[in-house]
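Have a look at the structure below before the remarks.
In the text below, chain A, chain B and the rest are named by the order of the sequence lines, each starting its count at 1. Basis for what follows: all heavy atoms, side chains included, without hydrogens, waters or symmetry-related copies.
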Number of protein chains: 2
Amino acid sequence: MRKSDRLFALLQRLKDGRLHTAEALAEAFGVSVRTIYRDMGTLAASGVPVTGTRGRGYAAEASITLPPLNLTETELEVLHLGLAAVGAGAGELPELAEAAESLSAKIDAVLPEEASPEPASFGFAGAAYREAAQGFRHMPVFRAAIRARQKLRVTLKGRDGEQEIRPLEIDYWGRVWTCTAWNETRGAFDHFRIDRVTQLTPLPGLFVDEPGKRLSDYRDRRR
Amino acid sequence: MRKSDRLFALLQRLKDGRLHTAEALAEAFGVSVRTIYRDMGTLAASGVPVTGTRGRGYAAEASITLPPLNLTETELEVLHLGLAAVGAGAGELPELAEAAESLSAKIDAVLPEEASPEPASFGFAGAAYREAAQGFRHMPVFRAAIRARQKLRVTLKGRDGEQEIRPLEIDYWGRVWTCTAWNETRGAFDHFRIDRVTQLTPLPGLFVDEPGKRLSDYRDRRR
DNA sequence: GGGCAACTGACAGAATAATGTCAACAAAGC
DNA sequence: GCTTTGTTGACATTATTCTGTCAGTTGCCC
């Protein structure tokens, strides 16, 4: 077993939330106790949040390790840009802004000085903003409509005609937001990407829960 | 000299845009040609964009290497979120969206499956959007004002009173946007963070270039 | 075609890293 | 105070990687 593999497996085991003594780990991986201590040092030096308590054992918080990445300058710029977008302004969920801030700090910390961002042209920043705002354009409407139980009329890219929907939920899938809705036009549940919405009109009337058209019915159906 | 140091120095040298033969590099670093070829293989395997042309030599595109990073789940979420913000929607500068897309792909490629994003709650996505939009709130106004040469009245967090300014340029400093302007109230050039703007009113009149109040004057002054 | 220099494989010796052993010390809990 | 277990250092041994040498192939450019 190579050292890197052992470190990985070690981390997996540590993340189970329980305490592990170095002796137990050493036996499990077939190495000496001293090696385990050295491995813990290696992990800690790599920034993994492992904690050892004398007399108790080791534990680690869940964390995700990103291997070395090679980025173009534009990609780094986009990375900063995106974190700025999320981190700017403290709101109801400050943990997001905090996470963006700490991630930015992590990236800045490991970057050599010459890679630190230089001011780019206005056109760049301006376009960056527009890009960023584009995909979110309709989010507030959806958000408000779900709260208020307001029907919407939407036109979707790649789908003919207009749809009249009861928006039920918004999901975040890592890079894409989707909306789960009851589609009045089709008489069925529907699911689409919000950034594919080309036209959006809130309709005047409010809807009331009806059996078979609620979010809970959608969930039941999927079991 | 350790191998890792040599690889780093090698990359530095390759990034100067000129062609380098393996023989020249070998002599420069005091190793054999075979070692240089092996190093190139290592770099290429690490994702560094090095290109070797038979009969010519080596060259590399400028690139930034990010060492391994350990992220919390929230930080990863924020990372995806930020890239989504930038990448959503293709506009005038598709290279940004492309960079966001390729960076997302790179991250997805190196992430184990279990770390792939799961749908989060609506509240999360909604708040994320609001956070993201917050810092950009005033950007369109500034952008339009610079284009149209329109004066603005701004109130800045941490500064008393209102300022009347001629916006000249927006700069992007990695995580923060700043505006360079001629401050009419103070009669001097000014520089402030756009996310510190609390109130913003476009003024009706347009301004014309005047000697001493132009961007070029500001730049000359800084030399 | 001919020159050039990037590529690739094999293998032995050199350099480096990893590990085990031994030892001493330090906190935390009882 | 005693036990437990983490923490650190030193050193010899072992395992692994790195490197040079040699030998040959491939593709680009003139």
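The salt bridge (charged side-chain N to carboxylate O under 4.0 Å, His left out) analysis of residues 31-57 of chain A, with sequence neighbours excluded, yields the pairs R6(A)-D39(A).
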Between the protein and nucleotides 15-18 of chain D, list every N/O to N/O distance that falls short of 3.5 Å.
none

Show the distances under 3.5 angstrom between N or O atoms of the protein and N or O atoms of nucleotides 22-29 of chain D.
from: dT26(D); atom 1: O2; to: R54(B); atom 2: NH1; distance (Å): 2.8
from: dG27(D); atom 1: O4'; to: R54(B); atom 2: NE; distance (Å): 3.3

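The CE atom of M40(A) sits 15 Å away from the C1' atom of dT8(D) (whole-angstrom rounding). L7(B) has its CG atom 13 Å from the C1' atom of dT19(D), to the nearest Å. Atom pair D39(A):CG and dT7(D):P shows a separation of 13 Å (rounding to whole Å applied). Summarising the geometry, the separation between OH on Y37(B) and C1' on dT21(D) is reported as 15 Å, rounded to the nearest angstrom.
With a heavy-atom cut-off of 4.0 Å to chain A, the contacted part of DNA chain C has its first and last nucleotide at dA18(C) to dA28(C).
In this structure T72(A) satisfies the side-chain contact (heavy atoms from CB on, under 4.5 Å) test together with T74(A), E75(A), sequence neighbours excluded. A24(B) pairs by the side-chain contact (heavy atoms from CB on, under 4.5 Å) definition with T21(B), not counting sequence neighbours. Applying the side-chain contact (heavy atoms from CB on, under 4.5 Å) criterion to A59(B), with sequence neighbours excluded, gives L19(B), T51(B). Applying the side-chain contact (heavy atoms from CB on, under 4.5 Å) rule to P49(A) yields the partners E61(A), S63(A); only residues at least two apart in sequence or on another chain are considered. Applying the side chain to side chain donor-acceptor pair (under 3.5 Å) test to S46(A) and every residue at least two apart in sequence or in another chain returns nothing. When the salt bridge (charged side-chain N to carboxylate O under 4.0 Å, His left out) test is applied to R159(B), the partners found at least two apart in sequence or on another chain are D190(B). Under the rule for a side chain to side chain donor-acceptor pair (under 3.5 Å), the partners of D16(A) that lie at least two apart in sequence or sit in another chain are R18(A), H20(A).
Within 4.0 Å (heavy atoms only), V33(A) reaches no atom of the nucleic acid at all. Within 4.0 Å (heavy atoms only), G41(A) reaches no atom of the nucleic acid at all.
Across all their heavy atoms, Q199(B) and V197(B) have their closest contact at O-CG1, 3.4 Å. Nearest heavy-atom pair across F189(B) and R214(B) is CZ-O, 3.4 Å. Nearest heavy atoms, V33(B) versus A22(B): CG1-CB, 3.9 Å. Nearest heavy atom pair, residue T155(A) against residue G161(A), reads CG2-O, 4.2 Å.
Over its full length, the helix from dG1(C)-dC30(D) to dC30(C)-dG1(D) turns its helical axis through 60°, comparing axes from the five pairs at each end and rounding to 10°.
The cationic group of R2(B) does not satisfy the cation-pi geometry with F8(B), failing either the under 6.0 Å distance to the six-membered ring centre or the 45° limit from the ring axis.
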